[in-house]
Number of protein chains: 2
Amino acid sequence: MKPKARTRRSEALSKERIVEAAIEILDTDGEETLTFRNLTAHLSTGSGAIYWHVADKHELLAAATDHVIARVMAEVVKEADPQGAIRTLAMGVFDAIDAHPWVGTQLSRNPWQHAVLRILEGVGGRIQALGVPGQDQFNVATALMSFILGIAGQYAASARFASSNTTRTEHLGAVAAKWEQLDPAEYPFVHQVAKILPEHDDRDQFLAGINLILAGIKSAL
Amino acid sequence: MKPKARTRRSEALSKERIVEAAIEILDTDGEETLTFRNLTAHLSTGSGAIYWHVADKHELLAAATDHVIARVMAEVVKEADPQGAIRTLAMGVFDAIDAHPWVGTQLSRNPWQHAVLRILEGVGGRIQALGVPGQDQFNVATALMSFILGIAGQYAASARFASSNTTRTEHLGAVAAKWEQLDPAEYPFVHQVAKILPEHDDRDQFLAGINLILAGIKSAL
DNA sequence: ACCTGAACACCGTTCAAGT
DNA sequence: ACCTGAACACCGTTCAAGT
């Protein structure tokens, strides 16, 4: 009786195969479960084998993130309207994080990884097409980036907490309940927001933020 | 010859003393060096002693972050003009992250910790004072928050990489050099930005982002 | 009630030894 | 050239035992 091979037989290792296996673990079992021991077991190889193909865990995570983001950016390529392109680009990143919360963690952790450059290029090109003057392009593009990366980190964090055993709305309900126990005199706004929190739509919220920034850009043109 | 006591004698432990000691380690030696063994050595106590006062490392980090952010928010309290208040509040958070990069990491990692609520309350109150209609306040306040937290994560990441042995400008120069090796046809915007990157001012960049969002808010009023 | 510190169950990474 | 897997140098956390 052959043991169940978790991977298709034993082809030679490669960075690509390693990244794919890592993504599978990250997607199905979450970011905390990705260890080199777990990963090498999936690949049915020795615990140190990975280091021949990948420098360290940071590089592996960056490569996995780039894999996901590259796909997103490829889908955005052709959109004539720069504003529309920025929206679909941003929502594409959002949906990728929704599907792979660990991508959000990773994006917000290292601003100079390749995946972030892909996003910056995508945003920057549209900013230029929008007619933002040269000396403002850097600030405008990075502001949009910061907002996207900020959301990335937050959304990934929610997913990390919620996914364990409760649904997202249950979890938000628990958060809102905690907010309502704060002193209403000291935290009036938080109290008000607690009522909306459990049933709000993250995607709408994100798009509203993008539109806010786009409005700021247009008002300065 | 008495051994040099790293802490003032052996008063009883308390959450406050633990948090203070943690902040000192985080500030002087960086976030990677904060381990419970290191921390308890500084406090000259047993390695498990902390767990009587603090649930786990996450709570400790959240408490340390709240300690820093509470100070920042206290300084902002009275500013008549809501726009000005939002600017000083945001810059206060920025300067706190500049002085304590680990605060940036921590803020971007957990959106529901108390420190984040302080910022949200500060931002939200000013958003209301600005006259943003009720149903938009949540989206607008959280968008501003996301931008601030996005910067927090990025700035902390730069500090983490740069601080090791090179100065910030040296580090940015190295990043820019890497960007210039990318295919200019595929990454035209990144190439252009690489020229500005090493000598840009992070504080100006951050303020420009805040002003962009404020402009977006005003244009919708 | 509070503290000690050995022990547990892990990590990422290295590297001699194998093929 | 590539892989193996024991070993190294750590982690956070637990918990019986002490005071």
Side-chain angles (χ1 to χ4, degrees), chain A residues 3 5-26 29-65 102 105-106 109-110 113 157 160-161 164, chain B residues 3 5-26 29-65 102 105-106 109-110 113 157 160-161 164:
Chain A
R6 280 173 178 269
T7 55
R8 45 193 179 301
R9 220 44 55 86
S10 39
E11 304 152 40
L13 279 182
S14 65
K15 185 165 173 176
E16 212 190 355
R17 272 195 69 208
I18 294 170
V19 168
E20 274 170 25
I23 290 177
E24 205 193 305
I25 293 174
L26 288 163
D29 298 321
E31 27 192 329
E32 333 74 60
T33 69
L34 181 72
T35 67
F36 276 21
R37 280 172 182 78
N38 185 3
L39 179 55
T40 47
H42 267 78
L43 292 163
S44 47
T45 183
S47 60
I50 282 172
Y51 288 90
W52 192 264
H53 300 95
V54 165
D56 56 21
K57 200 175 178 181
H58 288 102
E59 187 187 313
L60 176 61
L61 251 5
T65 303
W102 53 273
T105 309
Q106 184 59 23
R109 192 191 298 277
N110 183 355
Q113 61 189 315
R160 202 157 51 226
F161 286 101
S164 35
Chain B
R6 280 175 179 267
T7 55
R8 46 192 179 301
R9 222 39 57 84
S10 40
E11 303 152 41
L13 278 181
S14 67
K15 186 165 173 177
E16 213 189 356
R17 273 195 68 208
I18 294 169
V19 168
E20 275 169 24
I23 290 177
E24 205 192 305
I25 293 173
L26 289 163
D29 298 320
E31 30 191 327
E32 333 73 60
T33 70
L34 181 72
T35 68
F36 275 21
R37 281 172 181 78
N38 184 4
L39 180 56
T40 47
H42 267 78
L43 292 163
S44 48
T45 184
S47 61
I50 282 171
Y51 289 89
W52 192 265
H53 300 96
V54 165
D56 55 21
K57 200 175 179 180
H58 289 102
E59 188 188 312
L60 176 61
L61 251 6
T65 304
W102 52 273
T105 309
Q106 184 58 24
R109 192 192 296 277
N110 181 354
Q113 63 188 313
R160 202 158 50 227
F161 286 102
S164 33

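Keep in mind that this is a model prediction, so the values were computed, not measured. Every chain is numbered from 1 and lettered A, B, ... according to where its sequence line falls, protein lines coming before strand lines.
- Rounded to whole Å, atom C1' of C/dC2 lies 15 Å from atom CG of B/Leu43.
- Of all nucleotides present, only D/dC15 satisfies the Watson-Crick or G-U wobble test against C/dG5, with each distance under 3.5 Å.
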Notebook entry, point to check: A/Asn110 and A/Leu61: side-chain contact (heavy atoms from CB on, under 4.5 Å), yes or no, with the steps?
Noted result: CA-CA 10 Å; A/Asn110 183 355; A/Leu61 251 5; over 6 Å; no
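- Of the two residues contacting DNA chain C, namely A/Thr33 and A/Gly48, the nearest-nucleotide position lying further toward the 5' end is that of A/Thr33.
- Considering only side-chain atoms of A/Ser47, the nucleotide from C/dG12, C/dC3, D/dG5 that sits closest is D/dG5.
- Remark: side-chain polar atoms of A/Thr40 are paired, donor with acceptor, to backbone N or O of A/Arg37 under 3.5 angstrom.
- Summarising the local packing, CD of A/Glu59 is surrounded by more than 12 heavy atoms from other residues, nucleotides or ligands at distances under 6.0 Å.
- Residue contacts for B/Leu34: at a heavy-atom cut-off of 4.0 Å it reaches the sugar-phosphate backbone alone, with no base atom in range.
- In the set D/dG12, D/dC3, D/dA7, the nucleotide with an atom closest to the side chain of A/Ala12 is D/dC3.
- Nearest-nucleotide mapping onto DNA chain D: of B/Lys57 and B/Ala49, the residue sitting toward the 5' end is B/Lys57.
- Rounded to a whole Å, the CG atom of B/Asn38 is 15 Å from the C1' atom of D/dA9.
- Put simply, the side chain of B/Arg160 gets close to the backbone of A/Arg109: a donor and an acceptor are under 3.5 Å apart.
- In the set D/dA1, C/dG12, D/dT14, D/dA1 carries the atom at the smallest distance from any side-chain atom of A/Trp52.
- If you take OH of A/Tyr51 and C1' of D/dA7, they are 14 Å apart, rounded to a whole angstrom.
- Taking a pair to require two hydrogen-bonding distances under 3.5 Å in either a Watson-Crick or a G-U wobble arrangement, D/dC10 remains unpaired.
- The distance between atom CD1 of A/Ile50 and atom P of C/dC15, rounded to the nearest whole Å, is 18 Å.
- Taking atom CZ of B/Phe36 as the reference point, atom C1' of C/dC11 lies 16 Å away to the nearest angstrom.
- Of all heavy-atom pairs spanning B/Ala64 and B/Leu26, the tightest one is CB-CD1, 4.5 Å.
- Between B/His53 atom NE2 and C/dC2 atom P there is a gap of 6 Å when expressed in whole angstrom units.
- Between the CG atom of B/Asp56 and the P atom of C/dA9 there is a distance of 20 Å, rounded to whole Å.
- Distance, B/Arg37 CZ to C/dA7 P: 13 Å, rounded to whole Å.
- A close approach under 4.0 Å does not occur between any side-chain nitrogen or oxygen of A/His58 and OP1 or OP2 of C/dG12.
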